[in-house]
Enquirer: 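Mind having a look at this structure? Questions to follow.
Remember, predicted model here, so these are calculated numbers, not experimental data. Per chain, numbering begins at 1; letters A, B, ... match sequence-line order.
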There are 2 protein chains.
Amino acid sequence: MTEAETKAAKQSKSQRAYQWIKERIANHQFTPGYRLVLGTIAAELGMSVVPVREAIRQLEAEGLVTFERNVGAHVAMLDEDRYSASMQALSLIEAAAVALAAPTLKPDDLRRAREVNDHMREILDPPLGFDPHAFTVLNQKFHAILYRACPNRRLIELIEAEWARLGNMRDSIFAFVPDRARESVREHDALLDLIERRAPAHEIEHAMRRHRAGTLQALLSHTHPDQPVRLPDL
Amino acid sequence: MTEAETKAAKQSKSQRAYQWIKERIANHQFTPGYRLVLGTIAAELGMSVVPVREAIRQLEAEGLVTFERNVGAHVAMLDEDRYSASMQALSLIEAAAVALAAPTLKPDDLRRAREVNDHMREILDPPLGFDPHAFTVLNQKFHAILYRACPNRRLIELIEAEWARLGNMRDSIFAFVPDRARESVREHDALLDLIERRAPAHEIEHAMRRHRAGTLQALLSHTHPDQPVRLPDL
DNA sequence: TGCGCGGGTATCGTATACGATTTCGGATAC
DNA sequence: GTATCCGAAATCGTATACGATACCCGCGCA
């Protein structure tokens, strides 16, 4: 038995189910609204329904899954209002985290962030067409470098939980609004400049809020081209 | 069968267990570190262990309970660092929520908030000694009036989840540091003034952050009188 | 043709049962 | 007297079983 197998065996089945389902949701193998049938999942994982139910309860508490008595579980579907609210919450929390992280960021972190952002810039105009998924992955990486340096662990947890909640739709934005990608890269540069020159925390926080809000705004104006700006901003 | 009973019967046992345990934690009937034995709770509630396990898993996901494989569940115990981090997160999120809520607060809301705060001031110097618990209840009420008006529902959810997480220790602060209560009442007044005169959002947000941070600071200096200020503030 | 109505099936909710793991106390050796 | 080991008791983890509920579909009736 390998080390990995030993470790896996040590994990409870309910934990395995939890991770398995969460992974599929993150992957988009289970898309919003998808029905999670206890028996089917249990069979697929070679376990009984009990651990699967527990896993689903946990996911429900995290907001990734909705659960209805005597009906079943579905991958959570965020309507537009909820999505906007969640995105704004993420924006506010992440901005604070990055502002707190800024003074502790090492030159090496900044260098890595710049590398990622340069890579993002490079794939903006590729020979074979823009790849929104690749861009999104890099974008996430860029943000993570910044907020993960935050000394407040709880904020990091909250950011990542919210990030997971938004999961699905979040990724599609650069597919819908490729112009926003270009703008994002510029804003990333500006943000790194602010951090590098040790700008005051409130400036960094503000820049970060505007950056996230801009992305949300872009998505909203795309889905409702007729409606005016309506972000209740801070 | 009464209406209430019908409704109760319609709820799943796992939901009842969830609420029952959560209530006890909020009550301090189950204090941090208290061991939650599945069988005992199940017997007390007249159900089997399965629903109780589910309930505990949900509470674990919310951070109110810790769970260790093959060992059992305990009411979550926050060490000081975690507590500070969580409190700071609450401070940041609530400040944003109140800043967003401020423009929408009706004169009636403000009047109610003032009433609560006046009540808090009254019980600062009572004939029979200061009652920190009563003060805490009013304090919570005061804060809730403000942040509940926030148009962003998700922020409200996050605030209340964090509030529940902090639950236990949070309440004891005014018992430890009664002077902070006096200061709190003054800050509440100042905050209401800002809101009433429609101060810019960032001023309200800042005042709110300082208010919460001040309370945390008071608690920290109380538990470590020798140590200097060390709040990584925004 | 359209609309209830009833029954069958899929799925959920929970109890019970039992093997697995940890914990704790006592016996034994030093 | 202290440390260590062993076994019993407590508790956890999960499978299985079965009643309860909701959903689907076809039938009868208007």
Enquirer: Do the ring planes of B:Phe142 and B:His188 sit parallel (below 30°), tilted (30 to 60°) or perpendicular (above 60°)?
Expert: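 It falls in the parallel class, under 30°.
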
Enquirer: Less than 4.5 Å apart, any side-chain heavy atom of A:Ile21 and any of A:Val75?
Expert: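 Side chain of A:Ile21 against side chain of A:Val75, heavy atoms only: no contact under 4.5 Å found.
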
Enquirer: Could you tell me how far apart B:Gln58 (CD) and C:dG13 (P) are, to the nearest whole angstrom?
Expert: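 To the nearest whole Å, that distance equals 12 Å.
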
Enquirer: How close or far is atom P of C:dT14 from atom CZ of A:Arg53, stated in whole angstroms?
Expert: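 Atom CZ in A:Arg53 sits about 6 Å away from atom P in C:dT14.
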
Enquirer: Rounded to whole angstrom units, what separation is found between the CD atom of B:Glu68 and the P atom of D:dC12?
Expert: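 Spelled out: CD on B:Glu68 to P on D:dC12 is 12 Å.
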
Enquirer: Output the rounded distance in Å from CD (B:Gln11) to P (C:dT14).
Expert: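 After rounding, the reported distance stands at 10 Å.
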
Enquirer: Just compare D:dT21, D:dA15, D:dC12 and give me whichever is closest to any side-chain atom of A:Asn70.
Expert: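 When the side chain of A:Asn70 is considered, D:dT21 is the closest of D:dT21, D:dA15, D:dC12.
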
Enquirer: For the pair made of CD in A:Glu54 and P in C:dC12, what is the distance, rounded to whole Å?
Expert: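 About 16 Å, once rounded to whole Å.
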
Enquirer: Any heavy-atom pair between the side chains of B:Trp20 and B:Glu44 that's under 4.5 Å?
Expert: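 Result yes, sub-4.5 Å side-chain heavy-atom pair found.
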
Enquirer: Take atom CG of A:Leu38 and atom P of C:dT14, then tell me their distance rounded to the nearest Å.
Expert: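 In whole Å, C:dT14 P lies 12 Å from A:Leu38 CG.
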
Enquirer: Assign B:Val71 to base, sugar-phosphate, or nothing according to its heavy-atom contacts below 4.0 angstrom with the strands shown.
Expert: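 The answer is sugar-phosphate, as B:Val71 gets under 4.0 Å only of primed atoms, P, OP1 or OP2.
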
Enquirer: Can B:His133 and B:His28 be said to form a side-chain hydrogen bond (donor to acceptor under 3.5 Å, both in side chains), step by step?
Expert: CA-CA 12 Å; B:His133 182 257; B:His28 312 286; 5.8 Å; no

Enquirer: Return the 5'-most residue of the pair B:Met47, B:Arg35 with respect to DNA chain C, ranking by each residue's nearest nucleotide.
Expert: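 Its nearest nucleotide lies further toward 5', so the answer is B:Met47.
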
Enquirer: Using heavy-atom distances to pick each residue's nearest nucleotide on DNA chain D, tell me which of B:Val50 and B:Leu36 is more 5'.
Expert: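 Nearer the 5' end of the strand: B:Leu36.
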
Enquirer: So what does A:Ile56 touch, heavy atoms closer than 4.0 Å: a base, only the sugar-phosphate, or nothing?
Expert: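 It contacts nothing in the nucleic acid.
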
Enquirer: Please state how far atom CZ in A:Arg57 lies from atom C1' in D:dG13, giving the value in whole angstrom units.
Expert: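 One finds 18 Å between C1' of D:dG13 and CZ of A:Arg57, rounded.
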
Enquirer: If you only use heavy atoms from C-beta on, which nucleotide in C:dC12, D:dA15, D:dC12 is closest to the side chain of A:Lys13?
Expert: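 Between C:dC12, D:dA15, D:dC12, the one nearest the side chain of A:Lys13 would be D:dA15.
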
Enquirer: Please pick, from C:dT11, D:dT14, C:dG13, the nucleotide with the shortest atom-to-atom distance to any side-chain atom of A:Ser12.
Expert: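 The answer is D:dT14.
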
Enquirer: Are B:Glu160 and B:Arg154 ion-paired here, with the side-chain N under 4.0 Å from a carboxylate O?
Expert: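 Here B:Glu160 does not pair with B:Arg154 in a salt bridge, since their nearest N and O are not under 4.0 Å apart.
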
Enquirer: In whole Å, I'd like the distance from the CZ atom of B:Arg69 to the P atom of C:dT23.
Expert: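 To the nearest whole Å, that distance equals 13 Å.
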
Enquirer: So if I take every side-chain heavy atom of A:Phe67 and compare against C:dA15, C:dG13, D:dT14, which nucleotide ends up nearest?
Expert: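 Selected nucleotide: C:dG13.
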
